[in-house]
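Written out below as structure tokens is the structure these notes cover.
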4 protein chains.
Amino acid sequence: MIKIGIVGGTGYTGVELLRLLASHSNARVDVITSRSEAGMCVADMYPNLRGHYSYLFFSEPEVTKLAACDVVFFATPHGVAHALANELLEAGTRVIDLSADFRLQNADEWASWYGQPHGAPELLGEAVYGLPEVAREKIKTARLVAVPGCYPTAVQLGLIPLFERGLVETQGIIADCKSGVSGAGRGANVGSLFCEAGESMKAYAVGKHRHHPEITQGLTAAAGQAVGLTFVPHLIPMIRGIHATLYVRLTSENQKLTDAELQQVFEERYKNEPCVDMMPWNSCPETRSVRGANVCRIGLHRPQGSDLLIVLAVIDNLVKGASGQAVQNMNIMFGQDELEGLRFAGLMP
Amino acid sequence: MIKIGIVGGTGYTGVELLRLLASHSNARVDVITSRSEAGMCVADMYPNLRGHYSYLFFSEPEVTKLAACDVVFFATPHGVAHALANELLEAGTRVIDLSADFRLQNADEWASWYGQPHGAPELLGEAVYGLPEVAREKIKTARLVAVPGCYPTAVQLGLIPLFERGLVETQGIIADCKSGVSGAGRGANVGSLFCEAGESMKAYAVGKHRHHPEITQGLTAAAGQAVGLTFVPHLIPMIRGIHATLYVRLTSENQKLTDAELQQVFEERYKNEPCVDMMPWNSCPETRSVRGANVCRIGLHRPQGSDLLIVLAVIDNLVKGASGQAVQNMNIMFGQDELEGLRFAGLMP
Amino acid sequence: MIKIGIVGGTGYTGVELLRLLASHSNARVDVITSRSEAGMCVADMYPNLRGHYSYLFFSEPEVTKLAACDVVFFATPHGVAHALANELLEAGTRVIDLSADFRLQNADEWASWYGQPHGAPELLGEAVYGLPEVAREKIKTARLVAVPGCYPTAVQLGLIPLFERGLVETQGIIADCKSGVSGAGRGANVGSLFCEAGESMKAYAVGKHRHHPEITQGLTAAAGQAVGLTFVPHLIPMIRGIHATLYVRLTSENQKLTDAELQQVFEERYKNEPCVDMMPWNSCPETRSVRGANVCRIGLHRPQGSDLLIVLAVIDNLVKGASGQAVQNMNIMFGQDELEGLRFAGLMP
Amino acid sequence: MIKIGIVGGTGYTGVELLRLLASHSNARVDVITSRSEAGMCVADMYPNLRGHYSYLFFSEPEVTKLAACDVVFFATPHGVAHALANELLEAGTRVIDLSADFRLQNADEWASWYGQPHGAPELLGEAVYGLPEVAREKIKTARLVAVPGCYPTAVQLGLIPLFERGLVETQGIIADCKSGVSGAGRGANVGSLFCEAGESMKAYAVGKHRHHPEITQGLTAAAGQAVGLTFVPHLIPMIRGIHATLYVRLTSENQKLTDAELQQVFEERYKNEPCVDMMPWNSCPETRSVRGANVCRIGLHRPQGSDLLIVLAVIDNLVKGASGQAVQNMNIMFGQDELEGLRFAGLMP
């Protein structure tokens, strides 16, 4: 039985971790910390968990209690994992960080995007970027895993098969992405109010979103050369879901590829991936088809047989885009069945 | 391994059955019928099921194939189970009917509310009304179970502890109920369009809803005498969820009961019920706390200590109000753990 | 041209006042105050107003500027109008208060519900409760008008025809009310987040809502005797709209009234009311039919011809339930056409 | 007083025409036809119109009655205006067609996209494409106006300032567009159900949408040369609103243009346009800011000063994208103030 600690469990990724782990046959949450809610039963904050965690109360963060766990998840704002990770690792506890603290490999780049110095640059060398479809082997033995962001998960899974094989131009990539409101977290911000975000949509942070360097880093690694990307996120009036609409151009020597061959590239790449679902050519995946599920569903389009390939990729931002992927990483790290706790079929309608 | 057939699996209760049964460790759907979609893989209609039912295709309804199953679920409009149930029962196949065909014990009453003659009155004698909290023992050996309607489940679970003990007046009961739009099914009706039902609400079928006699029948049985009920359903702009706000008056001899004693009546009644969750006194259950979960969550209120008791009961109309309750019945009928396939914690947010 | 000041214009009732007054041919907003947003153009906060108020900037609240207006609207939390009203009235400026400060005629009752002493009890004598359908004559000459709350508007308009004529029991009234989320205002509260209030519903403040004494006061005045009411508000996942489902019992001597006679009571009562729309008997008004409109739409039901009469009343909580009713009051006070600025037909779909 | 007829008034563009025309001081709807609803008062179908059109009933379509009007709007599926327009024009009645019948100037192209022969190719010569920002002079004297589609309105208004001045590449244009569900009309299709379109999003008709040739036609005219466009529409869970995210590349000689100069191009182009609102550089317009309003609101972005310009354009698909634009055309055709009936400020929240 894997002993689990969660730091900062009051937000949406925290409750989603609890929901998923409730159905994990070989893991148990022993500690969950929250400074503001210490003493409260988790089910009092999240009544969907009533009957599942009657023993579990939020507690003040204490390193010694956390260090007694096999693994600690950080479901915190950035900066917190920087401060605590090292101490836990030294105590032999593995760390799965859902925040952005260890996603960028370059501490200076991190500092420039997050507006503060990197708090633990000495750990960057061993931090593994936890996209299982790319780094499964490294994850197995990792002590410190950085769970990818929601947008980066969808965009990278949608594009790496093409970049790994050098099929598309590395410049001029467009990622027009749409996210449900839960991506903004449970913070009490006016912009996330029902009456502000409902019955409306908008772009935001155009050219300035912090997931931009994370996406670029991943695609650059896949391509083996620098990529140039325009990333425009949009806020959509739904609770869960990310829809990435990705526009890439086939290189001139690859424009002769048939639709079937392009489809085959993806199917081959993901044939052994339990959490990526290639739909048939010309499919339009719906975000609700992955609601609650740890799946990235992908469809390919090439209008009028031009050199422009359109990749549509959907995930649940709280599952494959956060907590589900975190559990998937844990399963890999601890030699579990990779899908344990993650077999939920998606809630539709 | 229980062999399952589903008749009419293209609607919302059908896909919900499939979702729930996908996580059942001791049951397998062998046959699913749909005249209109025969030949289509179920996952092509419901992409959330991709990866879970690759072997399963809609087929033309054929009694011989269905009769080879251990149990057949009817997820059909009313009238279909009337026509087919007997043949299946004679073949030794048990039947769990999610439609209204066998919910009313009086064939004439059924005929008057549904506008057509009852098609199988000879089966009414053995049909068991499948509310496990009331009829668990009968369900164990039942050959034919009528799964309660969504409103009737919420209203009965909210009120039977009071009526069974004669604590409240049997006349003047008010059930002001609110339902998400999925209660109207997947039929292409103008009233269920996103642009008609969204951002709005209304009452409907005031005093004329077909669940009225079903509720009355159940409460009358609990009370041991005729009850008089006003039932006003409302359509709410959400996909899933029923919220019943129930107003009953304590009889004069019971007005001295304290709040704690009233709470105790419910906790006692449901202490061994795995699918009913009594919240603390004065709680206001949210429908989302049971989204996807086979739970009825209940809160009690008594403003100003008057003789009026207010019971708030929420369910997911597609789960405890339909498909989940159907699976719960199956588990009871076949000696399974009653919660097998039904442990999902509720998707929140 | 009526010169208007608005105190506290950053909330939803503030922007709604601006929207409505933009189409008023004989009024002009000269001053709008907000401490937090002083210096900002109103259209920068509310882009829907771009092109309508390019001249108007939020300013620090200054009594001298406000006192130069013919009328000042308070769109503020409770307590603010208490502090400022007297000074404005002495300067000859009339006051229309959208907050709760002057709705209750009894200062002690106000203090007990709002948890602080009443700040201006000396003004209660002249404050007019601004429900035009009840107090039009008094409003004409009023210096200080208290605009009714949203729930109280819907409930009173739905019930006063019955109480004024003594047709129903004054005890045991049930008001099961449902409100869109904008009723909670634009404050950044977790409970009003899209991901908390969306796709869910719940009751709240059962027996404890501050609109309870306001409703009781109005109904008591209509009945000429004390009334006993149970009021249960619910939060519905829509932006605008209130739906009141009202249950009252005909007195024994009035149970012989026919449905047509009851309908006639309402039609007679409201035949000259431009902002109340009686629908035909057995109608179920939808909240969207009044979205953006200054109308209360009412339908009557009497299931099975019993003694229980059900009144359904819908309003837009921000219009007839707040800012529209405030403008209606202004029109009456200043001798304008009562519908000026209020002819909008409702946005549907 | 302009005498108006409406053919096919039961859909969303029909009710929206009625809503807008209700506030028009110099126009009156005399005839509205619907085969299926003949005899019904329009307010019985659309209760938001109660009190505004008590005199108006749906009638069987009769050319003689329609021909007695000054202008007839077609709010019909494609093909209907083809069949009736000529007869009306010959009778001296002007025609404003909200359908796609006269939008494409090439009858063969129309036939290939709509799968049937063009029914009135002889009228194409005089049909004016009713985008006032492009064709105001022609509209003044037009007998037959084709109201642009919703997506084409947003995309063209977002891009024509650039193409008219040759600032951007004419190939490789990407229009990633998002639409609320009302764009699909009031037809009872499963895909438009609340439970299908709610809490989810998807792309659809990738590379195959009928608005594609209409957009291309308009941009080609603006550019003076053929343009190459990729158009990907998405369905968003909101009732009203279109958000176009447009990606174009500055030609090499224009990459030196500063952000301010690009902003100036748009402001100059639209300075006299009452229904286009240029927001400040780097603005992200929200669809709700134009809800119910006849405005296209535009924001410009150029991330990292690259050659890629991003134009964000929002409209209400039922107003500036359909019925509002139709009324704007009527006003121009009949010498009215162009904004008459169209001054509504947008419903927000």
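All values below were derived from every heavy atom in this structure, side-chain atoms included, with hydrogens, water molecules and symmetry-related copies excluded. Throughout, a chain's letter reflects where its sequence line sits, starting with A, and its residues are numbered from 1.
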**Asked** Side chain, backbone, both or neither: which part of C:Arg186 has a heavy atom under 4.5 Å from chain D?
**Response** neither
**Message:** In the structure I gave you, are the side-chain heavy atoms of D:Glu286 and C:Pro47 within less than 4.5 Å of one another anywhere?
**Reply:** yes
**Complete:** Checked D:Pro280, D:Ala22, D:Gly51, D:Pro349 vs chain C; the most non-hydrogen pairs under 4.5 Å come from D:Pro349
**Fill in**
If one checks every heavy atom of C:Leu18 against chain D at 4.5 Å, the contacting part turns out to be neither
**Item:** Contact origin within C:Arg240 toward chain D - heavy atom pairs under 4.5 Å
**Value:** side chain
**Prompt:** Which heavy atom in C:Arg343 sits nearest to a heavy atom in D:His52, and how many Å separate them?
**Reply:** O-CE1, 3.1 Å
**Asked** chain D heavy atoms under 4.5 Å from C:Leu347: which part of the residue, side chain, backbone, both or neither?
**Response** both
**Asked** What heavy-atom pair brings D:Arg19 and C:Gly346 nearest, and what distance separates the two atoms?
**Response** CD-O, 3.3 Å
**Prompt:** Taking side chain as C-beta onward, heavy atoms only, is C:Arg50 less than 4.5 Å from D:Met279?
**Reply:** yes
**Fill in**
Among D:Glu16, D:Arg297, D:Arg288, the residue with the most heavy-atom pairs under 4.5 Å to chain C is D:Arg297
**Fill in**
If you tally heavy-atom pairs under 4.5 Å between each of C:Ser289, C:Gly198, C:Ala293, C:Pro285 and chain D, the highest tally belongs to C:Ser289
**Prompt:** If you measure from CE on D:Met348 to CG on C:Leu318, what distance do you get to the nearest 0.5 Å?
**Reply:** 12.5 Å
**Message:** With a 4.5 angstrom heavy-atom cut-off, is it the side chain or the backbone of C:Val290 that approaches chain D, or both, or neither?
**Reply:** neither
